[in-house]
Q: 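Let me begin by handing over the structure; questions about it come next.
All figures in this text were calculated on a predicted structure; none of them were measured in a lab. Labels below follow one simple rule: chain letters A, B, ... track the order of the sequence lines, proteins then strands, and each chain is numbered from 1.
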Amino acid sequence: MIEAVLAQASIFKKIVEALKELISETNIDFSEAGISLQAMDSSHIALCNLLLRDDGFKSYRCDRALTLGVNLNSLSKLLKCAGNDDEMRIFANDDSGADQLNFSFESANSERVSEFSLKLMDIDADSVDIPDMDYQAIIDMSSSEFSRIIRDLSSVGEAVSIDATKQGVKFSSAGDAGKGSILLKHQKSVDGDSALATSIEINEPVSHSLALKFLSSFAKAAPLTDRVSIHMTEDVPVMFEFKISEIGHIRFYLAPQIDDEE
Amino acid sequence: MIEAVLAQASIFKKIVEALKELISETNIDFSEAGISLQAMDSSHIALCNLLLRDDGFKSYRCDRALTLGVNLNSLSKLLKCAGNDDEMRIFANDDSGADQLNFSFESANSERVSEFSLKLMDIDADSVDIPDMDYQAIIDMSSSEFSRIIRDLSSVGEAVSIDATKQGVKFSSAGDAGKGSILLKHQKSVDGDSALATSIEINEPVSHSLALKFLSSFAKAAPLTDRVSIHMTEDVPVMFEFKISEIGHIRFYLAPQIDDEE
Amino acid sequence: MIEAVLAQASIFKKIVEALKELISETNIDFSEAGISLQAMDSSHIALCNLLLRDDGFKSYRCDRALTLGVNLNSLSKLLKCAGNDDEMRIFANDDSGADQLNFSFESANSERVSEFSLKLMDIDADSVDIPDMDYQAIIDMSSSEFSRIIRDLSSVGEAVSIDATKQGVKFSSAGDAGKGSILLKHQKSVDGDSALATSIEINEPVSHSLALKFLSSFAKAAPLTDRVSIHMTEDVPVMFEFKISEIGHIRFYLAPQIDDEE
């Protein structure tokens with residue numbers, strides 16, 4: 001028996017919305033420690049890692065580790081039937097014959113109860129090991145600002161160069177019409193409007209060129225949290241982390257474009 | 001001479017918006033008792049009945065009963081020229097040569113006056129007799145909740161099963177991706193947020209399966225009123241009634257799908 | 001060296017949005033007196049004239065008059081990277097080899113700086129002389145009301161007739177579905193909701209029939225200002241003027257349709 005209860009369905013709805021553009025089908029791993037998934041996009045260029053820790057749930061039970069394959073677009077459609085403030089219960093049988101993942105949603109006054117079942121599928125997926133590492137530069141910035149910059153630069157070119165120095169981080173792009181750049185300055189101590197502040201922890205300047213197409217997908221995670229952190233080291237995939245309050249994170253990994261690196 | 005004055009044009013605009021997806025052309029009947037129309041959708045499966053009583057108008061005059069054929073899409077386009085809070089006048093000559101239906105709209109301060117004329121058309125339509133009847137179950141619920149449930153389940157499957165019991169009403173659907181259901185519980189006395197409450201008057205449990213496509217069209221009437229009532233009896237078309245405050249109603253009739261009934 | 005600083009980028013963004021539907025490529029003239037452009041639409045029927053006076057800028061410098069050809073769609077895309085409240089700087093080298101127009105945007109707290117460069121192009125354009133003239137009728141009305149009327153009548157027909165008399169101005173159109181008209185009455189003294197009032201200065205009644213397609217493009221300038229004035233004389237193109245507060249104006253000229261004139 002697997003059973004996990006989330007106080008607010010909206011978090012789960014936003015997670016599925018954040019992932020479904022990048023990944024159409026994925027295995028979800030249920031274990032004692034919580035729920036996680038790791039998947040590559042269909043072009044095998046970007047990698048996504050989701051973690052929801054057991055202690056972030058209102059209640060959590062997993063008698064036996066289980067891997068269930070789901071179609072995220074189908075899940076997204078079913079989740080539309082859930083209210084944002086509903087309490088959400090995910091449950092499944094843990095015998096090997098489990099062929100569906102079940103959800104129930106209950107409104108605060110219990111006058112509205114939604115239930116649905118998602119058909120499961122067998123998905124062949126190679127697991128990818130992501131080594132923990134120290135990054136040369138970590139940019140911590142507003143997730144909505146990130147989202148806006150990616151959207152804006154997408155109308156300029158197809159790739160963005162992210163340049164981090166002690167002074168700030170510069171996003172720039174170039175295309176047929178011209179070129180554009182946006183510089184966010186590092187702020188040591190932040191008063192007032194701190195949600196929009198940018199802080200940069202850096203050992204040495206790093207610069208990476210990345211495909212805007214993938215970053216647009218990553219930015220779909222912005223509604224989950226106020227902040228995003230960008231982790232960069234030379235010759236290593238860039239990691240974008242969106243922390244999900246008190247329960248876990250979504251991390252996206254994207255390899256830099258080689259030709260722009262030189 | 002026919003002349004009907006409505007205090008607020010918005011009601012009429014919303015009626016046309018509610019009907020035009022289901023019905024493209026229809027006869028409108030003007031009589032001493034008011035304005036009415038009855039029409040089937042183009043596939044001859046759903047039936048719609050509109051009634052606007054004479055006493056619901058600011059002033060109403062109909063010297064001679066008249067049936068005028070109109071194209072609802074054309075009417076909808078012309079109505080866009082009217083302000084929502086304008087006073088609206090509908091008028092036509094009642095001699096047999098009437099070839100247009102006229103509208104005028106006046107803003108509260110009379111500084112803006114719109115007028116337009118809609119070309120009439122000859123429409124052959126069989127009149128359908130709808131017998132008055134007592135239904136086994138009447139569900140009274142929020143029209144926006146109804147609209148939302150229909151929209152949500154439309155992403156799950158193509159048909160919805162509506163099951164009414166003393167405890168509540170359950171809307172459920174199934175499709176390739178899985179299945180989902182939403183249960184609204186019956187509330188006897190309703191405090192506070194009564195606009196969202198659901199009440200069920202029932203003699204015996206009834207269950208019907210209906211095509212979501214038509215219910216999506218019916219739900220376009222939700223902006224007209226806060227509530228919708230669903231009237232059900234075994235082996236009889238389901239009736240959805242949207243009351244229009246102090247002037248009349250729109251009723252939609254839809255036959256259950258047989259194969260799901262067994 | 002050309003350098004112009006605007007206190008608020010939003011004005012320039014709105015100007016480009018207002019023009020780009022009508023005009024895809026245009027020369028922009030920089031002179032001591034300010035920035036201006038004059039261009040015909042691609043079908044050579046409508047004419048547009050923009051003026052931004054030097055004294056409307058926070059600072060303005062133009063050592064040598066210069067004409068630079070730009071693609072407005074490209075410029076519009078680049079401008080998306082600017083915040084509405086940012087201070088905006090336009091600058092270019094005035095030597096003949098100038099091949100790009102540069103922009104920089106700075107947020108109020110200077111923590112966000114955007115820069116971009118637009119590639120320039122050679123554009124062959126005949127200059128058109130627009131003689132100053134006294135018009136027989138000048139209608140001064142709300143720009144949002146103008147915008148709404150044009151949008152509404154676009155669903156009725158393809159041309160609008162504008163009839164100005166001392167009593168008011170009537171916009172009317174006719175099409176396959178029927179016909180419609182909107183009359184705005186002249187108000188001498190305006191209390192309270194003056195933003196929506198209409199005033200008409202007139203020597204003799206004038207009537208013109210104009211293509212709605214072009215007026216829809218002109219209406220894109222409505223976000224720039226609360227008011228639009230329509231200047232009409234028999235047998236002369238109609239002029240629509242949108243004043244841009246304390247800095248200049250956009251004027252559109254459109255020749256009446258001859259066949260409707262008779």
Q: What heavy-atom pair brings A/Asp176 and C/Lys119 nearest, and what distance separates the two atoms?
A: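 Here A/Asp176 and C/Lys119 meet closest at O-NZ, 3.3 Å.
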Q: Any residues in residues 72-79 of chain C near chain A, with a heavy-atom distance under 4.5 Å, and which are they?
A: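 Result: C/Ser74, C/Lys77, C/Leu78.
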Q: Work out which heavy atom in A/Ala177 is nearest to a heavy atom in C/Leu118; give both atom names and the distance.
A: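 In this case the closest contact between A/Ala177 and C/Leu118 is O-CD1, 3.5 Å.
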Q: Should A/Lys185 and C/Asn109 count as side-chain neighbours, where that means a heavy-atom distance under 4.5 Å?
A: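 They are not in side-chain contact.
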Q: Between C/Lys80 and A/Arg148, which heavy-atom pair has the shortest distance, and what is it?
A: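 What the structure gives for the nearest pair is O-NH2, 4.0 Å.
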Q: Under a 4.5 Å cutoff for heavy-atom pairs, which residue among A/Glu145, A/Lys170, A/Arg151 has the most contacts with chain C?
A: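 Heavy-atom pair counts peak at A/Glu145.
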Q: Distance-only check: which donor-acceptor pairs under 3.5 Å involve side-chain atoms of residues 45-57 of chain C, not counting sequence neighbours?
A:
residue, atom, partner, partner atom, Å
C/Asn49, OD1, C/His249, NE2, 3.1
C/Asn49, ND2, C/Gln38, OE1, 3.3

Q: How close do A/Ile182 and C/Cys81 get, heavy atom to heavy atom, and via which atoms?
A: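 Shortest heavy-atom contact: CD1-CB, 4.2 Å.
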Q: Should we say atom CD of A/Glu25 is surrounded by more than 12 heavy atoms from elsewhere, each under 6.0 Å from it?
A: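 Count over threshold, so yes.
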Q: Rounded to the nearest 0.5 Å, what separation is found between the OG atom of C/Ser107 and the CG atom of A/Leu184?
A: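 Taking OG in C/Ser107 and CG in A/Leu184, the distance rounds to 8.5 Å.
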